[in-house]
Amino acid sequence: MATRATRPAPDWERQVDDVPAALAVSGGLCVVACARGGVHLLDVVTGQAIAKLWLPGGAHRVGFSPDGAVAAVAGPCGYALWRVADGAVLMRATDDPARFAWADGNLCAVAYGGSVVVYDAASGVERWRPVDGAVPVDDLTWFDRGRSVAAAVGGDVYAYSARGRVAAWSYPAPVRVLAGGTDGAWLCAAGDGPGVFIRGVGGTSEDLPTPTPALIDGLALDESGQWLAAQSDGGLTVWDLAARGGRMRPKPRRLDASIGLGVAAWRPTARGAVIATGGGDGAVAVWDARAGSVRRAASPSVRWYAGAPVTALAWAGSEVLVYADAAGRVTARAPE
């Protein structure tokens, strides 16, 4: 009986004409945002270029809609929604850096200055403006299963639906970064003080201490919502949130990582608590988040070197990493 040949994992390297600042993968596509504004759409399997977009002023964030049909790009001077099937683009110039967050219903919330705008991804039509004021929005995420947008404004966090403000939270220290749980029932927040604050729809709350007093400048949840990673001073602390709300509080685990801001990505699917990181020393590492403890930092299960500082990475499925470095190389590799 004949057996079907196994498709080889992607294994390629491609040079782009700028320094990559961020990348995202969805299905068979990879989009790479670069510092001077070039945005490259690549084939994940071969690395071949498919299309290119230019965002004036530079691009520093990029991410696909949940259905993979639209790529959002944000930079210091504007943002764009790029429909990859036909190349249609909605582009806006701004006076302030932009950022975005996707909802499961393919709504994209974009923040710049003191404003937040919600778009329908397929049409590019503005749906509503949750925030439109003078105080800068530091971060945003979706909340309550995509029914409202949570925004960090002036150190506090507010949630807005299409009908107006629906919730507000104050914290022991001003909040600058947010992450939302996959069930939409709670928020993780951090900022001008050590630790992470968790607040729930029903009024529940929990504060997670960090092993050091360093301030947190980035949060990332895995797709199950169980594992949380916090970046601070180039290092990484992770928590297993399964114990949240019980008698045993979630305990931090330290990973002996030296990474740049935003250069960490949880592996998709429920195949264990695995996170990949990229470092300023050129190291690409894969970690089992269950290893390590408060007192003893874990070591990576796999590590190799890109040859230049790693500036962005993302998983292409659960077996392949796509990463970019400061020399302008974009590489796909299966960790050994």
Side-chain angles (χ1 to χ4, degrees), residues 9 23-26 63 66 104 141 177-190 194-198 200 206-212 214 216-279 283-304 310 312-323 333-336:
L23 65 84
V25 175
S26 179
D104 286 341
T141 190
V177 293
L178 299 172
T182 54
D183 61 0
W186 46 274
L187 291 172
C188 299
V196 179
F197 315 116
I198 296 180
E206 188 154 10
D207 296 342
L208 304 179
T210 47
T212 68
I216 293 171
D217 47 29
L219 295 171
L221 278 157
D222 77 331
E223 68 177 18
S224 72
Q226 178 178 346
W227 288 91
L228 172 68
Q231 300 179 50
S232 59
D233 285 349
L236 207 63
T237 301
V238 299
W239 290 268
D240 179 356
L241 298 182
R244 187 179 64 88
R247 293 183 179 180
M248 296 296 293
R249 297 185 64 191
K251 295 181 179 179
R253 293 171 165 89
R254 292 187 300 120
L255 305 183
D256 193 15
S258 178
I259 61 177
L261 177 61
V263 193
W266 290 101
R267 185 174 68 180
T269 77
R271 294 189 56 205
V274 175
I275 191 168
T277 61
V284 181
V286 179
W287 312 75
D288 184 342
R290 294 165 295 190
S293 65
V294 178
R295 298 178 181 177
R296 180 178 61 84
S299 298
S301 55
V302 180
R303 177 161 49 194
W304 67 92
V310 179
L313 56 75
W315 288 92
S318 60
E319 302 296 337
V320 175
L321 271 174
V322 182
Y323 58 93
R333 176 175 173 178
E336 299 172 358

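Position 1 is the first residue of the sequence; numbering continues from there.
Of all the heavy atoms in Ala312 and Leu23, the pair that sits closest is CB-N, 3.7 Å. Here the closest non-hydrogen pair linking Val310 and Ala283 is CG2-O, 3.8 Å. Summarising the geometry of Gln231 relative to Leu236, their closest heavy-atom pair is CG-CD1, 3.4 Å, with the distance given to 0.1 Å. Among all heavy-atom pairs drawn from Pro335 and Val302, the shortest one is CB-CG1, 4.4 Å. The minimum heavy-atom distance between Ala316 and Val322, with the atom names listed, is CB-CG2, 4.0 Å. The shortest non-hydrogen separation linking Gly278 to Leu313 is N-CD2, 3.4 Å.
With a 4.5 Å cut-off on side-chain heavy atoms, Leu178 and Leu219 do not count as touching. The side-chain heavy atoms of Trp239 and Ile198, taken from C-beta on, include no pair separated by under 4.5 Å. Side-chain atoms of Leu241 and Leu208, non-hydrogen and from C-beta on, do get closer than 4.5 Å to each other. At a threshold of 4.5 Å between non-hydrogen side-chain atoms, the residues Cys188 and Leu228 count as touching.
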task: Go through the steps for Arg333 and Leu321 under the test side-chain contact (heavy atoms from CB on, under 4.5 Å), then give the verdict.
output: CA-CA 5 Å; Arg333 176 175 173 178; Leu321 271 174; 5.7 Å; no
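In this structure, the side chain of Ser301 engages the main chain of Val286 through a donor-acceptor pair within 3.5 Å. Put simply, the side chain of Trp266 gets close to the backbone of Ala220: a donor and an acceptor are under 3.5 Å apart.
For Ser26, the side-chain contact (heavy atoms from CB on, under 4.5 Å) partners at least two apart in sequence or on another chain are Phe64. Partners of Ala285 by side-chain contact (heavy atoms from CB on, under 4.5 Å), not counting sequence neighbours, listed by chain and number: Thr277, Trp287, Pro300, Arg303.
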